Amino acid sequence: MATEQTFSIIKPNAMKKNAIGSIIAKFEENGLKIAGAKLTQLSQAQAEEFYAEHKERPFFGELVTFMTSAPVMLMCLSGENAIMRNREIMGATNPAEAADGTIRKLYGDSMGENAVHGSDSPESAKRELGLFFTDSEICNA
Ligand code: CMP
């Protein structure tokens, strides 16, 4: 399988737990590399565009408020089968259903405040990476 790239966000609740290093260690221990990284606070417009597919959902407003409430860490992860591998490392969307040892089990608080985001398909990864990274900000070494 060829090397793949995926997009990851460490969300505000995990940032407040001072868990950047622990979360990145999970990625690295499981064969993913950090190919790009930015620490930033999302604007309302950025969060709304990022989560545009959910704009009709009842939780959309709450999700945007949460995601803009504090800094986040935006990352490009690379590795073999990176999209699916990242989803396994993160665990189920709902932390209550996430397997032991996964990031969401360890650092998630609720469905909304579930510690991390990861792209769910190659198309999403391309779109999401393109929203936040230029080609020159991603290292393919
Ligand atoms: P994420 O992987 O960032 O993608 C969309 C997010 O919407 C998801 O993680 C959850 O944080 C959030 N979400 C999905 N379903 C619900 C829900 N039923 N209630 C609140 N938030 C939700």
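Numbering of ligands and ligand atoms starts at 1, following listing order. Note: hydrogens, waters and symmetry copies are ignored here, and every other heavy atom, side chains too, is used. These figures come from a predicted structure and were not determined experimentally.
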Asks: Return the minimal non-hydrogen interatomic distance between T68 and T65, and the atom names on each side.
Replies: OG1-O, 3.2 Å
Asks: Report yes if the side chains of N140 and I138 come closer than 4.5 Å at any heavy-atom pair, otherwise no.
Replies: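 A side-chain contact exists here, since the closest heavy-atom pair is under 4.5 Å.
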Asks: May I ask you to check whether S119 and E128 show a side-chain donor-acceptor distance below 3.5 Å?
Replies: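 There is such a pair (donor and acceptor under 3.5 Å, judged by atom type) between the side chains of S119 and E128.
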Asks: Relative to each other, are the rings of F7 and F132 parallel, tilted or perpendicular (30° and 60° limits)?
Replies: parallel
Asks: Side chains of Q41 and V72: does their closest heavy-atom pair fall under 4.5 Å?
Replies: no
Asks: Within the structure provided, determine whether Q44 and V64 are in side-chain contact (heavy-atom separation under 4.5 Å).
Replies: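 Contact flag for Q44/V64 side chains = yes.
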Asks: Give every pair formed by an N or O atom of ligand 1 and a protein N or O atom closer than 3.5 Å, one pair per line with both atom names and the distance to 0.1 Å, or write none.
Replies:
from     : atom 1 : to   : atom 2 : distance (Å)
ligand 1 : 2 (O)  : R104 : NH2    : 3.2
ligand 1 : 2 (O)  : H117 : ND1    : 3.2
ligand 1 : 3 (O)  : K11  : NZ     : 2.7
ligand 1 : 3 (O)  : Y51  : OH     : 2.5
ligand 1 : 3 (O)  : H117 : ND1    : 3.0
ligand 1 : 9 (O)  : K11  : NZ     : 3.2
ligand 1 : 9 (O)  : N114 : ND2    : 3.2
ligand 1 : 11 (O) : K11  : NZ     : 3.2
ligand 1 : 11 (O) : M111 : O      : 2.8
ligand 1 : 11 (O) : G112 : O      : 3.2
ligand 1 : 11 (O) : N114 : OD1    : 3.4
ligand 1 : 11 (O) : N114 : ND2    : 3.4

